[in-house]
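I have placed the structure first, in the form of C-alpha cells, so that the comments after it can refer back to it.
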Amino acid sequence: MRKFVLGLTASLFALSAWGQPSHTLDINLKKPGAAIQNTMYGIFFEDINYAADGGLYAELVKNRSFEFPNDALQGWKAFGKVEVRADGPFERNPHYVRLQDPGHPHKWTGLDNEGFFGIGVKQGEAYRFSVWARVPDGGESQLRIELVNTASMGEDHFLCQNNLTVTGKEWKKYTVTLTPGATLDKAILRIFLTGNRNTVDLEHVSLFPQDTWMGHENGLRKDLAQALADLKPGIFRFPGGCIVEGTDLQTRYNWKNSVGPVENRPLNENRWEYTFPHRFYPDYYQSYGLGFYEFFQLSEEIGAEPLPILSCGLACQFQNNDPKAHCSLEDLQPFIQDALDLIEFANGSVDTPWGKVRAQMGHPAPFNMKFLGIGNEQWDATYPEHLEPFLKALRAAHPEIKIVGSSGPDSEGKQFDFLWPEMKRLKADLVDEHFYRPYEWFLSQGARYDNYDRKGPKVFAGEYACHAKGKKWNHFYASLLEAAFMTGLERNADVVHMATYAPLFAHVEGWQWRPDLIWYDNLRSFRTVSWHVQQLYGQYRGSNCLQLTMNGANVTGAEGQDGLFASAVLDGNKIYVKVVNTTDKEQEIALNFTGLKKKAVVKAVEGVRLSSCGCKLDKDNSLDAPALFEPAPFTFEGEGKCLSATAPAYSFNIYILEK
Ligand code: AHR
C-alpha cells in the first residue's frame with residue numbers, strides 16, 4: 001500500500017513538471033563551494049539512560065565485582081551461606097563472595113543475579129559465563145550455573161545449565177558456555193554449590209553473548225553497535241556530557257580508571273543515578289567495562305574520528321556553586337597531565353608508558369586521535385581561566401591535536417556571548433555548542449550560522465535535539481525540524497565542522513532523559529525518526545556545498561519561504577538536493593541549475609524521502625513497530641537545466657541527480 005501511494009505521488013510529481021512550481025530553487029554548479037568535513041555528522045555517546053552497562057556494553061551481570069558501595073550484593077540474591085569478603089585478587093575491586101556448605105544436605109548455597117532490568121537471552125545462542133574462582137582450602141569444588149525463568153509454570157525453572165569445577169587455592173579464570181532453550185527478556189543468572197560442596201570463592205562474575213559486535217570478548221551489543229555503524233558517522237564523541245564533569249570531581253569520568261584489565265577497573269558512580277529526583281536509579285553505576293580503549297576501538301571500527309572530552313577541573317557547575325567543589329588553578333596540573341597522557345595512550349609509541357598500556361590491551365598501532373575536548377558545559381570566567389593552562393601545555397607538546405572548547409550549556413544568551421569571544425581569544429580550534437530547544441527555535445534557526453565569523457574557531461554542534469514543549473517524547477515532527485535545521489549546518493560547512501545529536505541511547509526501563517536517538521529493551525532495539533534523519537545526512541553528506549538560493553536568499557524557512565528549508569551538495573558527479581517541507585501543504589518546486597555550460601544538463605536519478613506517514617506527527621518508531629517511519633525511495637525523473645519536484649506536506653526529501 002505504502003509503495004502504491006509513493007508510486008502515485010511520484011507520477012503526480014512527473015505531472016507537476018507541466019504545472020506551475022510555486023518556488024524555484026537556484027542551484028549554482030559553476031564551482032563547488034566549501035568542503036564538507038568527514039567529521040561533519042557523528043555520534044555523541046554518554047552513559048545516560050543505561051547507555052553503557054545495561055546498553056551498548058554487552059555484559060549481562062550487574063555488580064559483577066561486588067563493589068556497589070551501599071550494598072556489595074546489590075543486584076544479587078544470596079541464599080544459604082554466602083559471605084562478602086574484601087581481600088580479593090584485584091586491588092581496585094577488592095570484594096568477592098565466599099560460598100560455603102549450608103550445613104544440611106537439603107539446604108543449598110548460591111546466588112542469583114538480576115541483570116539490568118532482567119537478563120535478555122535468545123534461544124539457541126551461546127552465552128559465555130566466566131568467573132574468577134578458587135577453593136581456599138585446596139582441592140576442588142563444583143558449581144552449577146543456570147539461566148533461569150523464575151516465572152515459569154513448567155517443571156524446570158532453568159532455561160539451560162552447565163557445571164563448573166573449580167580447583168586449587170590460586171585464583172583462576174573459568175569459562176563455561178550456556179545455550180538457553182528458550183528466548184526470554186528477563187532471565188536471571190543462578191550459581192550454586194553442588195557436588196562435594198567445598199567452600200569456593202567467586203569474583204568478577206560475568207556473562208556475555210558470544211556473538212558481540214566484531215566478536216570482541218569484552219564486547220558490545222551487536223544490534224546497538226550496528227545502529228551506530230549504519231549512521232556512517234564521521235566523528236565519535238565520548239564519554240559525555242555531564243558525566244565528564246561529575247557531580248563532584250571525585251566521581252567525574254576518569255579515563256585512566258577505564259583502561260587495563262576489566263577486572264581491575266574500579267567502579268564509578270553514575271551521576272544519572274540521582275540527577276533527577278523524579279527518576280532515581282539507585283543501581284546505576286559505571287563498571288568502566290566500556291572504557292576508553294573500547295571507545296577508541298569502536299571509533300576505528302565504525303570509521304569515525306575519536307573525540308574524547310576530558311574534565312577541565314570543574315565539577316558540574318549546575319550542581320556546584322561552591323568554588324571549593326572545583327579544582328583551583330594552582331592544583332590543575334594532574335588534570336592537564338591526564339590530557340597529555342591520553343594523547344600518549346591514543347597515539348604514543350609502544351615504548352611510552354601509556355602507549356604500552358594500549359599495546360598490552362591489543363592495539364599496538366596508534367589510534368591516530370586528532371581532536372580533544374576540554375570541559376563540557378562550563379561557564380563564567382573560571383572556564384577560560386581553567387582552559388588556558390591546558391591549551392598552553394597541549395599546544396607546546398602536541399600542536400597537531402585540535403582542541404575543542406565550550407560555549408556553555410545555552411544556545412545563546414549571557415554565557416554564550418561571553419564564551420565565544422573567549423574561545424576566539426584563546427584560539428580554540430572548535431567550539432562546542434549545545435541546544436536542546438523547542439519547535440520555534442528550530443524553525444527560526446535555519447540561518448544560524450550564515451553570519452558566523454569565517455575566520456574564528458569552527459563550530460562543533462556537540463549536543464542538540466528538538467524538544468517539544470509538553471511533548472517530551474521522540475516524534476516525527478521534532479525530527480523533521482532537526483532535518484530542516486541541519487540544512488543550515490550543511491550550507492555552512494566552512495564553519496560547522498561537526499554535529500552530533502544527543503543523547504544517543506536509552507533503555508525503555510532505565511531512561512532519565514528523552515528524546516534519544518536509539519531505544520532498546522533487553523532483546524530488541526529500534527531506530528527513531530531522528531536516527532533516520534542523521535543517517536540520511538551521513539549517507540548523503542557529499543564532498544562540497546553548492547550554493548542554493550530562492551529569489552537570491554538562502555532557504556531557511558524565512559518569511560515568504562513557505563516553511564521550506566533547503567541545501568545542496570556535490571559528491572563526485574552526483575548532486576544531492578535536500579528539501580524539507582515543514583508545512584501541512586504539498587509544495588511544487590523547480591530545481592533550476594545555473595552555472596552549467598550551454599549544452600550541459602543534469603539528469604534526475606532518484607529520490608529518497610522521509611515522510612509523515614499519513615500525518616502521524618506525534619508518533620515515532622517503537623519496539624513493536626520499529627519500521628513505522630523509514631526513508632523510502634521515490635521516482636524522480638527528468639533531464640535538463642530545470643527540473644520539477646514535489647515536496648509533500650511534512651517531508652524531508654533528497655533529490656539525487658547526476659551532472
Ligand atoms: O545529553 C544529556 C546532557 O545534556 C549532557 O550530559 C549535558 O552535557 C547536557 O546538559
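If you read the sequence from its start, that first residue is 1, and numbering goes on from there. For the numbers below, each heavy atom of this structure counts, side chains included, while hydrogens, waters and symmetry mates do not. As the structure lists them, so they are numbered: ligands from 1, and atoms in each ligand from 1.
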(message) Tell me whether ligand 1 is touched by Trp272 - counting only heavy atoms on the residue side and a distance under 4.0 Å.
(response) yes

(request) Only one of Trp354, Phe345, Tyr253 passes ring pair (Phe, Tyr, Trp, His ring centres under 6.0 Å) with Phe292; say which it is. (result) Tyr253

(request) Just jot down the side chain to side chain contact (heavy atoms under 4.5 Å, CB included) partners of Lys471, sequence neighbours excluded, or say none. (result) Tyr439, Ala468, Trp473, His475, Asp618

(request) Report, in ascending order of atom number, the atoms of ligand 1 lying under 4.0 Å from any heavy atom of Glu463. (result) 1 (O), 3 (C), 4 (O), 5 (C), 7 (C), 8 (O), 9 (C)

(request) Using distance alone, decide if ligand 1 has a nitrogen or oxygen within less than 3.5 Å of any nitrogen or oxygen in Phe318. (result) no

(request) Run the numbers for me: atoms of ligand 1, each under 4.0 Å from some heavy atom of Glu377, listed by number. (result) 7 (C), 8 (O), 9 (C), 10 (O)

(message) Can you confirm whether more than 12 heavy atoms, excluding those of Lys472, are under 6.0 Å from its NZ atom?
(response) yes

(message) Give me the nearest non-hydrogen protein atom to atom 6 (O) of ligand 1 as residue plus atom name, then the distance to 0.1 Å.
(response) Glu46 OE1, 2.5 Å

(message) So, using side chain to side chain contact (heavy atoms under 4.5 Å, CB included) as the criterion, who are the partners of Asp624 when residues are at least two apart?
(response) Arg524, Ser622

(request) Answer side chain, backbone, both or neither: which part of Asn376 comes under 4.0 Å from ligand 1, heavy atoms only. (result) side chain

(message) Within ligand 1, which atoms have a heavy atom of Trp513 less than 4.0 Å away?
(response) 2 (C), 3 (C), 4 (O)

(message) The test is side chain to side chain donor-acceptor pair (under 3.5 Å); show your working for Glu412 and Trp441 and say whether it passes.
(response) CA-CA 11 Å; Glu412 50 269 304; Trp441 189 92; 3.1 Å; yes

(message) I'd like to know whether NZ of Lys402 has more than 12 heavy-atom contacts from other residues, nucleotides or ligands below 6.0 angstrom.
(response) no

(message) Taking 4.0 angstrom as the limit and counting only heavy atoms of Tyr436, give me the atoms of ligand 1 inside it, by number and element.
(response) 1 (O), 2 (C), 4 (O), 9 (C)

(request) For Asn474 and Asp516, test the side chains for any donor-to-acceptor distance below 3.5 angstrom and give the result as yes or no. (result) no

(request) State if Pro409 counts as touching ligand 1 under the rule of any non-hydrogen atom under 4.0 Å. (result) no

